[in-house]
Protein chains: 2
Amino acid sequence: MTDPQPAHEIEAVFRQKGIPFTRQRRQIWDFFAGADRAATITEAADALRGEGVGQATVYRTVQLLSDLGLLARVQDGRGEICFIAPPIGHSHPLICGVCRRVVRFDGDGDVAELEARLAEATGFAIYGHHLEIYGICPSCRAAKEGDHGE
Amino acid sequence: MTDPQPAHEIEAVFRQKGIPFTRQRRQIWDFFAGADRAATITEAADALRGEGVGQATVYRTVQLLSDLGLLARVQDGRGEICFIAPPIGHSHPLICGVCRRVVRFDGDGDVAELEARLAEATGFAIYGHHLEIYGICPSCRAAKEGDHGE
DNA sequence: ACTCCAGTTGAGAACGGTTCTCAACAGTGT
DNA sequence: ACACTGTTGAGAACCGTTCTCAACTGGAGT
Ligand SMILES: [Mn+2]
Ligand SMILES: [Mn+2]
Ligand SMILES: [Zn+2]
Ligand SMILES: [Zn+2]
């Protein structure tokens with residue numbers, strides 16, 4: 001439940017919509033799906049530069065995957081915009097502010113009541129939310145304590 | 001409780017830290033505090049261009065105010081990065097995806113239990129969160145229905 | 001197999017938001 | 001008045017992102 005969708009399932013989504021799933025698109029998907037932490041577009045472009053994927057294609061494909069709901073945009077501890085391949089279904093990221101490792105969770109139960117109260121109180125028609133939680137992962141905590149100094 | 005802090009209270013924060021509260025910094029604060037909706041840095045720079053505030057100063061000051069926790073970064077319906085002057089105390093934004101009007105609320109009660117569960121389950125040391133809720137405000141909804149078409 | 005064709009790709013140019021430079025300026029203390 | 005420190009802003013530089021357009025790809029039709 002925390003593993004991202006394999007490429008062949010993504011390919012099915014593409015086919016169903018009549019969108020070609022090219023070699024480059026697979027490589028870009030694999031880059032994000034294979035990472036256990038959030039990555040920036042620049043990092044993806046750099047990693048795939050030597051693999052026969054142009055940077056324009058990386059930008060275009062990240063945009064495409066985001067539009068299809070197959071990539072989620074988050075921000076790391078320093079406010080950098082990163083992307084992650086979410087697992088099947090709806091979830092939210094718990095992000096390590098140091099190494100950007102991501103653990104997904106489902107927090108909708110907690111937010112649903114809140115949204116109902118807000119809709120009632122404000123008259124807004126609520127259509128979405130954005131919830132990220134930040135922390136320091138166990139291994140980064142250990143590394144920090146090993147660090148002599150604060 | 002939903003009004004932003006007046007400039008003289010901000011000035012007190014600056015003084016207490018020994019940071020000059022210049023004319024330009026006041027103008028930039030007033031721009032964000034006076035708006036009832038999220039605004040981009042570019043919009044602030046454009047609005048203050050003729051008022052004797054350079055764009056470099058706008059960027060520097062938004063950075064400074066954010067560092068001091070006096071401005072919050074959010075994103076609008078199209079993913080644009082905007083800033084808002086939060087009211088006294090901790091809160092979260094409910095943002096209209098059409099006009100970017102912002103209503104603040106306190107959702108920490110709902111998130112606290114979730115965070116405790118996550119800390120327990122993952123071993124992360126949680127230090128913060130980012131929660132935004134998106135909707136369409138009553139007036140934009142009315143405008144949309146008045147619109148003939150979907 | 002050959003052609004057709006709409007969609008995709010990538011090198012490089014263009015673009016535009018953000019940051020940097022540095023000389024002028026403002027404020028404070030002596 | 002003077003020195004000193006921090007701020008400001010016009011313009012240049014920077015760099016991440018988007019655009020251009022010719023070459024390419026792959027599927028459909030014949
Ligand atoms: Mn959710
Ligand atoms: Mn909160
Ligand atoms: Zn970590
Ligand atoms: Zn609205």
Side-chain angles (χ1 to χ4, degrees), chain A residues 7-8 10-32 38-68 70-76 78-83 100, chain B residues 7-8 10-32 38-68 70-76 78-83 100:
Chain A
H8 66 85
I10 300 300
E11 184 168 8
V13 175
F14 274 69
R15 279 206 208 292
Q16 188 174 349
K17 295 192 190 293
I19 304 171
F21 193 64
T22 63
R23 167 181 64 81
Q24 290 92 335
R25 285 171 178 168
R26 165 175 274 113
Q27 284 175 264
I28 292 163
W29 169 259
D30 285 342
F31 175 84
F32 286 102
T40 64
I41 296 187
T42 306
E43 287 165 355
D46 289 347
L48 298 172
R49 170 149 306 141
E51 312 296 320
V53 183
Q55 77 170 355
T57 301
V58 175
Y59 280 92
R60 283 188 289 236
T61 301
V62 168
Q63 178 70 42
L64 176 60
L65 288 167
S66 297
D67 289 348
L68 293 173
L70 301 173
L71 272 187
R73 177 173 48 233
V74 301
Q75 42 187 325
D76 68 9
R78 296 151 213 66
E80 283 267 2
I81 303 292
C82 303
F83 292 83
R100 299 203 297 218
Chain B
H8 65 84
I10 299 300
E11 184 167 9
V13 175
F14 274 70
R15 277 207 209 293
Q16 189 175 347
K17 296 191 189 294
I19 304 171
F21 192 64
T22 63
R23 167 182 64 81
Q24 290 91 336
R25 284 171 180 169
R26 165 175 275 113
Q27 285 175 261
I28 292 163
W29 169 259
D30 283 344
F31 175 83
F32 285 102
T40 65
I41 296 187
T42 304
E43 287 165 357
D46 289 347
L48 298 172
R49 171 149 305 142
E51 314 295 319
V53 183
Q55 76 169 358
T57 301
V58 175
Y59 278 93
R60 282 188 289 235
T61 300
V62 167
Q63 178 70 43
L64 176 60
L65 288 167
S66 297
D67 289 347
L68 293 172
L70 301 173
L71 271 187
R73 178 174 48 233
V74 301
Q75 41 188 324
D76 68 10
R78 296 151 211 65
E80 284 267 0
I81 303 292
C82 303
F83 291 83
R100 297 203 299 219

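In what follows, chains are A, B, ... by sequence order, proteins preceding strands, each numbered from 1.
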For D/dG26, does the base pair up with any side-chain atom of A/R23 as donor and acceptor (N or O, under 3.5 Å, distance only)? no
Side-chain heavy atoms of A/F32 within contact of A/L70, under 4.5 Å: no
B/D46 atom CG is separated from C/dT18 atom C1', nearest whole Å, by 14 Å
Note: for A/I19 and B/R15 on DNA chain C, the residue whose nearest nucleotide lies more 5' is A/I19
To the nearest angstrom, the CZ-P distance between B/F83 and C/dG17 comes to 15 Å
C/dG10 phosphate, OP1 or OP2, under 4.0 Å from A/Q24 side-chain N/O
yes
Practice problem: Kindly say if B/T22 contacts the phosphate of C/dG27, meaning a side-chain N or O under 4.0 Å from OP1 or OP2. | Solution: no
Quiz item: Got A/L64 and A/F14 here, is their nearest side-chain heavy-atom distance under 4.5 Å?
Solution: yes
Taken to the nearest whole Å, CZ/A/R25 to P/C/dG10 is 11 Å
Do B/F21 and B/R26 touch side chain to side chain, with heavy atoms closer than 4.5 Å? yes
A/Y59 atom OH is separated from D/dC19 atom C1', nearest whole Å, by 13 Å
In whole angstroms, the gap separating P of C/dG27 from CD of B/E11 amounts to 13 Å
Close side-chain approach of B/E43 to B/C82, heavy-atom, < 4.5 Å:
no
Assign each of A/A56 and B/Q63 the nucleotide of DNA chain C bearing its closest heavy atom; nearer the 5' end lies the nucleotide of A/A56
In whole angstroms, the gap separating P of D/dT7 from CD of B/Q27 amounts to 17 Å
Nearest-nucleotide check on DNA chain D, B/T61 vs B/Q55; residue mapping nearer the 5' end is B/T61
note: A/L48, atom CG; C/dT9, atom C1'; distance rounded to Å ~ 14 Å
Exercise for review: Would you tell me if any nitrogen or oxygen in the side chain of B/T57 comes within less than 4.0 Å of OP1 or OP2 on D/dG9?
Suggested key: yes
Of the candidates C/dG17, D/dT8, D/dG6, the side chain of B/P20 sits closest to D/dG6
query: Below 3.5 Å, does any donor atom in the side chain of A/R60 face an acceptor in the base of C/dG10, or the other way round?
result: yes
Of the candidates D/dG16, D/dG9, C/dG10, the side chain of A/V53 sits closest to C/dG10
Rounded to whole Å, the CZ-P distance (A/F21 to C/dT9) equals 11 Å
I want to check something: taking the side chain as every heavy atom from C-beta on, are A/T40 and A/E80 in contact at a cut-off of under 4.5 Å?
yes
- [ ] Assign A/G18 to base, sugar-phosphate, or nothing according to its heavy-atom contacts below 4.0 angstrom with the strands shown.
- [x] nothing
- Query: Do the side-chain N or O atoms of B/T42 get closer than 4.0 angstrom to the phosphate oxygens (OP1, OP2) of C/dG16?
  - Reply: no
